[in-house]
Protein chains: 2
Amino acid sequence: MTMRQQLSSLKLGVEPDLPRKPGRPKGGRSDQTRERILDAAEQLFADRGYDGASIRDVAAAAGLQIHSVGYHFGPKEQLFDAVVARRADIMTGLRREALAEARQRAGGAAISIMQLVRDYVSPFIQSASHGDEGWRNYAALMGRLANSPLGTGIIARHYDQTAREYIAELQRALAGADPEDVVDGFSAMVAAMLGICAATGRPERLSGRASRRPPEDSFETLVRFHTAGFLTLTIA
Amino acid sequence: MTMRQQLSSLKLGVEPDLPRKPGRPKGGRSDQTRERILDAAEQLFADRGYDGASIRDVAAAAGLQIHSVGYHFGPKEQLFDAVVARRADIMTGLRREALAEARQRAGGAAISIMQLVRDYVSPFIQSASHGDEGWRNYAALMGRLANSPLGTGIIARHYDQTAREYIAELQRALAGADPEDVVDGFSAMVAAMLGICAATGRPERLSGRASRRPPEDSFETLVRFHTAGFLTLTIA
DNA sequence: GCATTTTTTATACATACGTACAAATAAATA
DNA sequence: TATTTATTTGTACGTATGTATAAAAAATGC
């Protein structure tokens with residue numbers, strides 16, 4: 001029995017609802033099907049990676065036949081991109097909104113480092129900890145994607161623009177700091193954010209804790225920790 | 001043409017040397033074969049992930065027939081573990097050595113935060129930047145493994161013990177800080193370390209730089225940044 | 001010098017994969 | 001009511017996968 005087969009026998013959180021009959025569904029039922037496929041793909045890609053999750057697994061987890069996935073999303077790569085894009089758009093919206101508000105409050109002055117760190121990281125960690133299972137799967141998927149060649153292009157497409165805006169504000173608030181250092185600090189912050197939400201169990205093992213520390217607690221630590229890190233970059 | 005097939009046509013750094021004949025090679029030639037297989041597997045696992053790299057690809061990259069891989073390493077999972085283990089042992093040795101020296105220098109007193117950060121991170125970043133191609137591939141592989149379920153057990157097996165020793169020293173140096181915060185800081189440090197060596201090209205894109213920043217420069221920034229982060233944890 | 005061991009090649013097998021095609025069915029449209 | 005469109009099912013195809021078996025060939029050991 002291969003590892004993939006072992007994994008395939010795992011229960012998935014996406015309940016198959018009902019076996020459905022062929023035929024055009026009434027109303028926008030197809031949108032619902034698309035969401036179900038994306039949910040199932042999100043979980044499987046997060047758990048097993050792009051190559052480890054098959055289209056068959058996705059279809060089965062969504063309670064559909066194989067070809068329905070291809071019908072709605074085309075080839076596998078497009079399905080993967082659709083999974084990432086769905087919540088990336090939401091995430092980017094939240095971050096841009098927070099940035100706009102912070103800019104307004106600052107009224108022309110530089111935004112504080114702590115505020116920038118908080119505003120960038122908070123939507124992700126809040127979604128991953130308070131959101132539904134889909135958000136948790138999405139967070140795990142993004143963590144897995146972070147250092148992989150496959151993820152690079154997708155992340156660039158969906159997240160780089162907003163990242164650059166935050167970096168510009170960080171550099172403004174850290175006048176005198178080497179801009180490259182600020183980028184490194186930003187990268188460190190993102191890496192820590194993804195690590196917190198990955199739920200690998202490593203922090204528990206390293207601290208001897210029995211249960212997982214609430215991501216909100218780690219979030220507060222992350223904000224303090226990385227704010228201090230950024231501030232030290234101004235000291236040449 | 002599938003994506004995997006496109007990738008398969010890429011040139012690999014492991015040159016096939018010569019087609020060899022069957023039969024027992026003289027001397028410890030088999031050790032050399034094992035190293036070649038590990039080198040090829042290291043690169044392919046780093047580039048394409050566990051499921052994305054096939055045993056056939058590994059064998060071809062090493063200039064061998066398919067079954068030679070299975071002969072030397074058994075099933076695929078054992079090959080993967082052997083790839084990780086080979087350099088993990090070296091890395092762990094360097095870190096423990098550095099820690100022992102630092103303890104001796106401190107002579108019973110707590111080791112400085114900056115020293116601990118430097119000693120833990122330095123072997124990895126130095127190997128990944130000054131070492132041969134194998135070390136670069138290994139660093140990329142570890143980054144890819146960091147947030148994946150598959151990597152969790154392997155990392156635990158090879159890296160947790162040393163990590164706990166460093167964390168204990170960090171907690172000693174940060175008397176008064178919440179031990180859980182220290183673990184979060186350590187996790188952040190490791191995540192940043194892996195991100196620097198992943199060579200995804202994202203820092204270049206975010207900073208507008210044409211070429212990659214030398215990892216040594218990022219290393220110095222990481223040390224400063226994370227030392228400041230740890231120090232702020234003592235302020236309740 | 002002959003038998004044994006080690007390592008490699010060559011081939012085979014059952015399964016899983018991504019994708020495509022044809023048919024069926026129900027809603028929407030006219 | 002007749003036609004079209006949208007969506008799902010069922011099946012099929014060629015290829016790739018992990019693993020196993022059999023054979024061959026070179027070095028070693030007695």
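The structure displayed is predicted, hence computed values, not measured ones. The sequence lines fix the lettering, A, B, ..., with proteins before strands; numbering per chain opens at 1.
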Interatomic distance where CG belongs to B:Asp51 and P belongs to C:dG18 [whole Å]: 11 Å

Nearest-0.5 Å distance that lies between atom CG in A:Leu222 and atom OG in B:Ser187: 11.0 Å

Gap between atoms OH and C1', on B:Tyr71 and D:dA23 respectively (whole Å): 15 Å

Salt bridge (charged side-chain N to carboxylate O under 4.0 Å, His left out) between A:Arg86 and A:Asp39, worked out: CA-CA 10 Å; A:Arg86 176 172 58 155; A:Asp39 288 343; 2.9 Å; yes

Under-4.0 Å side-chain N/O to phosphate OP1/OP2 contact, A:Ser68 with D:dT9: yes

Between C:dT8 (C1') and B:Gln32 (CD): distance, integer Å: 15 Å

Under-4.0 Å side-chain N/O to phosphate OP1/OP2 contact, B:Thr33 with C:dT7: no

Crowding at CD, B:Glu35 (>12 non-hydrogen neighbours, <6.0 Å): yes

Spacing of B:Arg36 atom CZ relative to C:dT7 atom P, expressed in whole Å: 16 Å

Separation of C:dC17 P from A:Leu79 CG (nearest whole Å): 15 Å

Distance (rounded to the nearest 0.5 Å) between B:Phe219 CZ and B:Gln126 CD: 6.0 Å

Could you run down the sub-3.5 Å N/O contacts of the protein with nucleotides 10-12 of chain D?
from	atom 1	to	atom 2	distance (Å)
D:dG10	OP2	A:Gln65	NE2	3.3

Rounded interatomic separation in angstrom, taking CG from A:Asp57 and P from C:dT15: 17 Å

Nearest-angstrom distance from the residue atom CD of B:Glu77 to P of D:dT19: 9 Å

Within-4.5 Å side-chain heavy-atom neighbours: A:Leu145 and A:Phe45: no

B:Phe73 CZ to D:dG18 P, straight-line distance once rounded to whole Å: 16 Å

Spacing of A:Tyr50 atom OH and A:Arg144 atom CZ [to the nearest 0.5 Å]: 13.5 Å

Result block: side-chain N/O donor-acceptor pairs under 3.5 angstrom for residues 194-204 of chain B, not counting sequence neighbours:
from	atom 1	to	atom 2	distance (Å)
B:Thr200	OG1	B:Arg202	N	3.2
B:Arg202	NE	A:Asp160	OD1	2.9
B:Arg202	NH2	A:Asp160	OD1	3.0

Phosphate OP1/OP2 of C:dC17 contacted by A:Ser54 side-chain N/O (<4.0 Å): yes

